[in-house]
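Contents: one structure, followed by commentary.
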2 protein chains.
Amino acid sequence: MAVTKQAGGRPAGERVHRAAVKLFATKGFHGTGIRDLAKAANLSSASLYHYMPTKERLLADIMRTSLQSLLDAATGELDGVDDPVERLDRLVVLHVTRHAREPMRTRVVDNEVDALTPASRRDVVGIRDAYEKLWSDAIDDGLRSGVFTTTRPATTRLALLDMCNGVARWFSPGGELGRSGLADHYADLARRMVGAPPRQPR
Amino acid sequence: MAVTKQAGGRPAGERVHRAAVKLFATKGFHGTGIRDLAKAANLSSASLYHYMPTKERLLADIMRTSLQSLLDAATGELDGVDDPVERLDRLVVLHVTRHAREPMRTRVVDNEVDALTPASRRDVVGIRDAYEKLWSDAIDDGLRSGVFTTTRPATTRLALLDMCNGVARWFSPGGELGRSGLADHYADLARRMVGAPPRQPR
DNA sequence: CCGAGACGATCAATCGATCGATAGACCCGA
DNA sequence: TCGGGTCTATCGATCGATTGATCGTCTCGG
């Protein structure tokens, strides 16, 4: 059942998915009509429904798979790493790198949560909570072992995540700092915030 | 011409404004219909148009006045303060306090920028740029006088602002940290990020 | 000749916005 | 103190346009 192609070169299902990410990110879920979606995917609005059950389910799928992939990557990245400082470093670098590489997708995940139906929202928020627990644990471990010095770890975690999420709002590949340079800088900022020693002590 | 009141106790124009802030913040601009707006303001959808020229202009007015008030407050707060550390402290405390006191209004300002028409957007972004310049200047001054140690001041400013903006997404008055406690904690975080000495050196 | 992929036409519902009308408060001249 | 005129606030009804979604039909490779 070799997937049929067309003008765009990509299979239609993928075109729909990509168009949805771009449009939901720039105009918002409610600001995007299925006709916009169809035009961006080079399809009629009727054909769209061969690739999605519903506009809302398309959004939910995008958010669910994006978040799940982030959670999986983070779990893998942390596997076998014991040093809390290294754990936090890796979380920040992964998070920032992803947000800089796919700002559109990330913006959808971060901003469109309450366009979801209650059922979809439960799923999505569940994955997000699991991901954020990795951050909480890293901070708690660092505090327990004495490498971090911060009062209010819960609030600091929120500040940390908000700071890293912001990258998706403004990052542009043409900037003075590339993706990896940016990630390193953010890792430094994170260390400072939790009171961990800087990367190369000298 | 004493402003007429009604069930809500408040004048109708203010009810419209408040309802718009709450609905735009929770359901988004495009997710809010004028009938939702009318219901929340205890008016018919027709009467709504005595208090706003257009749904989009209502949004623009909310954003413009909110941002202008923030800019004015910040300018006043900084007046006569020379020490860069103190300047940054005041910016953070003001910003965080406002975001915690009026999270709804802030969420509208932060998230609905691209629901505006190009003309409105120019106005709003202009005010926002002026506000953010206060932050840039504070950081640059601190660097020039040697109290701050951070490479990439531009990126650090963005990280700082994103961190502080996040407060509006999750703050709840019932939390363990009150508004002022939260603001103080964020001021500490900001000092750490720019490499300034902590608040009470001992 | 069948099924997947595509479409134009169209559905009911809702959208933002406007209409003409009404009820009541206020002012001013007689 | 009355009466008429004006103005503000409000509404039900309705406008044309657009929304998300569905229908039946066509096409074409296997």
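Reckoned from all heavy atoms, side chains included, excluding hydrogens, waters and symmetry mates. Just so we're on the same page: letters track the sequence lines, and every chain starts at 1.
Counting distance only, with no hydrogens placed and no angle test, the side-chain atoms of A:His50 and the base atoms of C:dA6 include a donor-acceptor pair under 3.5 Å.
Ion pairing between B:Arg192 and B:Asp188 fails under the 4.0 Å rule for side-chain N and carboxylate O. At a threshold of 4.0 Å, the pair B:Asp162-A:Arg169 does not count as salt-bridged, since none of the basic side-chain nitrogens sits closer than that to a carboxylate oxygen.
For B:Ser44, the listed nucleotide lying nearest its side chain is D:dC11; candidates were D:dG20, D:dC11, C:dA6. Side chain of A:Tyr49, nearest nucleotide from C:dA17, D:dT22, C:dG8: D:dT22.
Comparing A:Ala46 and A:Asp36 by the nucleotide of DNA chain D that holds the closest heavy atom to each, the one mapping nearer the 5' end is A:Asp36.
The interatomic distance linking B:Leu37 (CG) with C:dT14 (P) rounds to 18 Å, in whole Å. Rounded to a whole Å, the NZ atom of A:Lys39 is 13 Å from the P atom of C:dC7. Rounded to a whole Å, the CG atom of A:Leu58 is 14 Å from the C1' atom of D:dA21. Put simply, CG on B:Leu23 is 12 Å from P on C:dG16, counting in whole angstrom units. Spacing between atom CZ of B:Arg35 and atom C1' of C:dA13 amounts to 10 Å, rounded to whole angstrom units. Whole-Å rounding puts the B:Leu59 CG to C:dG16 P distance at 13 Å. Computed from coordinates, the A:Leu43 CG to D:dA21 C1' distance equals 16 Å when rounded to whole Å. One atom, CD1 of B:Ile34, and another, P of D:dT19, lie 16 Å apart when rounded to the nearest Å.
Counted by atom type alone, A:His17 and A:Asp61 present zero donor-acceptor pairs between their side chains at under 3.5 Å.
Using a 4.0 Å heavy-atom distance criterion, B:Ser45 is classed as a base contact.
Taking the six-membered ring where the residue is Trp, the centroids of B:Tyr186 and B:His99 are separated by 6.0 Å or more.
Side-chain contact between B:Ser69 and B:Arg98 is present, with heavy atoms from C-beta onward closer than 4.5 Å.
Within the structure, every side-chain polar atom (N or O) of B:Ser47 is placed at least 4.0 Å from both OP1 and OP2 of D:dA9.
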